[in-house]
Amino acid sequence: DYDWGNLQKLEASLKTALVTEGLFNDEAQALLNTWQVSYFKSAGLRVFFLCPRAWTDYYLPLQISLPARIDRVMVGRIELVTPDDRAKLEQIAALSPAKIFSQVSEFQKDGLQHYPQLLRSVYNGKMPFSEIVPFPESYQKYLDLGRFRNALLLDEAKEKPTPGLTAFIGDFGLESYWFAGRPGGS
C-alpha cells in the first residue's frame, strides 16, 4: 500500500480529477506539491474526495464585480482512525508512569549526548532526529499515529484517562496541547 509507485498513481489520479474539474495543469500540480508532507508522506490513512460545486458555492459564496469565468474546486479529506491506531493508543495508555519516565529520561540523556555535533544537520533538514537518537518505543507509537496524533491522544485521555496517558502527555511535554477545561487546568 505504501509503495512509491502507489503514491505516484494517487498523485496522478488526483491531478487528473483536479484538471477535469477546471484547474489548470500547473494549478493542480501546485496543490499536490503543497500536500506532499502533510497528506502523502505522513503516517495515517485518509480519504480524498471532490466536493460538488453546488456545495462549495453554497458554503463558500464568492462574488466578483466583473464578469469572469470561475472554476472552483474543493478537495475534501477525511483522516481515518484505524484499529491499529486504537491499538497504539491502548498500548501507550497501558504503560506505567515509571516506564514512561524511564523512556523519557533515557531519550533525553542520549539526545543531549549527541546534541552538539549533529543538531545542525537536523535543523537543516539533512537528517531526521531519529537517526541521531532512536525514539523510545512509546514515542514512536505516538509518531506513527500521524498528523492528528495530538488530537487522538488527547481525545483518548479525555474519554479513557489512565495514569499512563497522563504521564505520557506530561513527561513528553505535550501538556501545552491540553484543552482548557482539563481537570486542574486553566
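Keep in mind that the numbers below use all heavy atoms, side chains included, and drop hydrogens, waters and symmetry copies.
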Within the 4.5 Å heavy-atom criterion, are L10 and F40 side-chain neighbours or not? yes
Would you find a donor on one side and an acceptor on the other, under 3.5 Å apart, between the side chain of S13 and the backbone of K9? no
Report yes or no: do E137 and Q91 form a side-chain donor-acceptor pair below 3.5 Å? no
So does I92 get a backbone contact from the side chain of S138, meaning a donor-acceptor N/O pair under 3.5 Å? no
Does the cation-pi check pass for R149 over Y142, that is, NZ or CZ under 6.0 Å from the six-membered ring centre and within 45° of its axis? yes
Between R53 and D71, the two heavy atoms sitting closest are NH1-CA, 3.8 Å
Keeping E11 on the side-chain end and Q8 on the backbone end, is there a donor-acceptor pair under 3.5 Å? no
Side chains of L18 and L50 in contact at under 4.5 Å (non-hydrogen atoms): yes
Residue pair L14 / F48, side-chain heavy-atom distance below 4.5 Å: yes
Between Q29 and N25, do the side chains contain an N or O donor and an N or O acceptor separated by less than 3.5 Å? no
Side-chain heavy-atom pair M74, L60 within 4.5 angstrom cut-off: yes
Have R46 and Y39 got a donor and an acceptor in their side chains that come within less than 3.5 Å? no
Partner residues of Y58 under the ring-ring contact (aromatic ring centres under 6.0 Å, His included) criterion, sequence neighbours left out: none
L23 and V73: which non-hydrogen atoms are nearest, and at how many Å? CG-CG2, 3.8 Å
Identify the two heavy atoms, one from I100 and one from G164, that lie closest to each other, and give their separation to 0.1 Å. CD1-O, 3.0 Å
Count the heavy atoms of every other residue, nucleotide or ligand shown that sit under 6.0 Å from CZ of F49, and state whether that count exceeds 12. yes
Go through it in stages, so that I can follow the logic: the residues are L145 and K88, the test is side-chain contact (heavy atoms from CB on, under 4.5 Å), and I'd like the CA-CA distance, side-chain angles, deciding distance and then a yes or no. CA-CA 8 Å; L145 290 171; K88 287 175 186 155; 4.1 Å; yes
